[in-house]
Chemist: 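Quick one: the structure is below, and I'll ask about it shortly.
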Amino acid sequence: MGCFVSTPKDTGGKRRRPGNIGEVAVFVPGLRIPKPVDFSESLGDHLGKSLVERLSALRTRIVVMAGQEAPSITRTRRRNATQHGGSTLGDLLQALEDYLPVLLGLVKDGSPLQHKVQFTWINQEDDSEETGMYSAWYEVLSVLHLMTALSLSQANLLLLPRTSTDGYSPKVSEESRRSAIDILLKAAGYLDCAVRHILPQLPSEHRRDLPVDLAEGVLRALCLQAIGQSVDIQLGLAIDSTKATLAVKRRLACEMVKYWQQAQDNITNLPLANGWGEKHRLYVKWKYIEAKAAAYYYHGLILDEGNTEKSHGMAVSALQAADEYLKESKKACEAFNTAVPISRTPPLWGTMKYLSEKIPKDTSSKVRINRDLYTYEKIMETAPTLPDFALALKPDEYQLPDVDSLWNDEHVNKGQNGNNKD
């Protein structure tokens with residue numbers, strides 16, 4: 001019995017990809033869809049009938065829901081947050097959470113049952129259309145990846161700005177922003193668990209055969225993206241707060257740069273050149289550049305508080321760098337949105353709405369004033385090094401659930417010796 005099946009992209013049309021995914025505030029990887037499994041054929045001689053039926057029912061529910069609802073989940077529209085989209089995400093996420101405790105019985109105490117069933121999922125970022133493995137740990141990893149994608153989709157819906165009742169420009173409520181942070185850190189927790197606890201359970205040959213969707217670098221990048229996006233929201237909240245100092249805002253912006261830089265480092269050498277994969281790479285590049293614009297802006301403002309010629313010159317250099325990164329980020333945003341599947345950026349709000357207005361204005365002002373004070377040659381032509389702050393925000397701790405109580409001795413068939421028991 002083989003342990004790995006990979007279907008090349010040119011052998012069928014089973015993988016469905018949307019042409020347009022609507023507005024994107026949070027990058028959501030393409031949803032990997034599970035294919036049906038006949039548990040009775042592979043486990044009927046080893047487990048009691050009720051347990052086999054329970055596994056079948058739980059997984060079939062996921063297969064049906066994911067297959068039917070994935071297109072509507074992927075194509076983000078604001079109305080989904082309050083109509084069927086939000087509930088669809090929650091229902092599918094609950095179905096996955098219900099399935100995990102029963103699934104984990106297959107790997108309990110290193111059970112040989114973990115190699116009896118071939119689990120197959122349709123990929124999105126990999127060249128191979130689908131990947132199947134005789135590995136229950138592969139199934140657990142795929143489940144956590146789908147839970148992550150659904151959580152990121154929930155966060156995306158929360159961060160799409162809505163027209164305010166007072167007639168001003170669209171915005172996202174503080175409640176929605178804080179809820180989005182909670183969901184993003186939960187998603188990061190799923191990924192952190194996957195990297196630290198699930199991947200090590202897979203033999204090296206299985207890890208080599210994983211689709212790029214589940215590659216360690218992609219999982220780590222998505223985790224860092226979720227945290228980086230959370231810091232971005234925190235920075236927006238700090239900008240809105242009269243109590244937050246420039247030092248606080250600079251620290252948040254500099255930490256955001258590090259999260260996005262690490263995310264980019266994790267996917268740099270991966271073969272993400274296929275549809276969703278290329279879009280993923282472009283998103284990380286865009287957000288990394290955007291974060292640098294914010295960090296150099298706040299660093300420049302603090303340097304400008306100094307009373308020396310050197311500090312003013314460094315401030316100008318930092319602000320000029322912020323302005324250049326802001327311009328570059330707009331180009332990176334356009335490249336992301338035009339990559340297939342095409343997308344749109346929601347109306348500016350929060351951090352980037354503020355910075356898109358302040359950076360050009362303050363840069364122009366400081367450069368003009370300081371050029372009057374100092375010769376151009378005295379102004380540093382290279383941006384000063386950003387401060388290096390320890391990263392404060394961590395993923396939520398996620399632990400796999402306990403094995404379902406159905407897994408007890410009376411349900412495990414003596415038929416590991418060949419007898420079938422109901």
Chemist: Report the C-alpha separation of E324 and K327 in whole Å, then their side-chain angles, then the decisive distance to 0.1 Å, and conclude whether the salt bridge (charged side-chain N to carboxylate O under 4.0 Å, His left out) test is met.
Modeler: CA-CA 5 Å; E324 288 303 312; K327 294 173 184 174; 3.7 Å; yes

Chemist: Are there over 12 heavy-atom neighbours, none belonging to K285, within less than 6.0 Å of that residue's NZ?
Modeler: no

Chemist: CZ of R251: more than 12 outside heavy atoms within 6.0 angstrom?
Modeler: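 Result for CZ/R251: enclosed.
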
Chemist: Tell me, yes or no, whether the heavy-atom count around D38 atom CG, taken from other residues, nucleotides or ligands under 6.0 Å, exceeds 12.
Modeler: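 Yes - once you tally the heavy atoms of other residues, nucleotides and ligands closer than 6.0 Å, there are more than 12.
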
Chemist: Hey, which of L43, L406, V37 is the one that makes side chain to side chain contact (heavy atoms under 4.5 Å, CB included) with L55?
Modeler: L43

Chemist: Quick check for you: to the nearest 0.5 Å, what is the distance between L58 atom CG and E53 atom CD?
Modeler: 11.5 Å

Chemist: Cut-off 3.5 Å, no hydrogens considered: what does the side-chain donor-acceptor table look like for residues 219-230, sequence neighbours left out?
Modeler:
residue : atom : partner : partner atom : Å
R220    : NE   : E216    : OE2          : 2.8
R220    : NH2  : E216    : OE2          : 2.9
Q225    : OE1  : H280    : NE2          : 2.5
Q229    : OE1  : Y283    : OH           : 3.1
Q229    : NE2  : A25     : O            : 2.8
Q229    : NE2  : Y283    : OH           : 3.1
S230    : OG   : A226    : O            : 2.9

Chemist: Name the atoms and distances for all side-chain donor-acceptor pairs under 3.5 Å in residues 181-197, with sequence neighbours left out.
Modeler:
residue : atom : partner : partner atom : Å
D192    : OD1  : R196    : NE           : 3.4
D192    : OD2  : R196    : NE           : 2.9
D192    : OD2  : R196    : NH2          : 3.1

Chemist: Show me the donor-acceptor pairs within less than 3.5 Å that the side chains of residues 291-299 make with the rest of the protein, sequence neighbours left out.
Modeler:
residue : atom : partner : partner atom : Å
Y297    : OH   : D362    : OD2          : 2.5
H299    : ND1  : R250    : NH1          : 3.0
H299    : NE2  : T385    : O            : 3.4

Chemist: Do L158 and V172 come close enough that some side-chain heavy atom pair is under 4.5 Å?
Modeler: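 Side-chain contact under 4.5 Å: no.
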
Chemist: What's the spacing between D304 CG and L319 CG if we round to 0.5 Å?
Modeler: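 Atom-to-atom, D304:CG and L319:CG are 7.0 Å apart.
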
Chemist: Could you tell me whether D240 and R177 make a salt bridge, using a distance below 4.0 angstrom between a side-chain N and a carboxylate O?
Modeler: yes

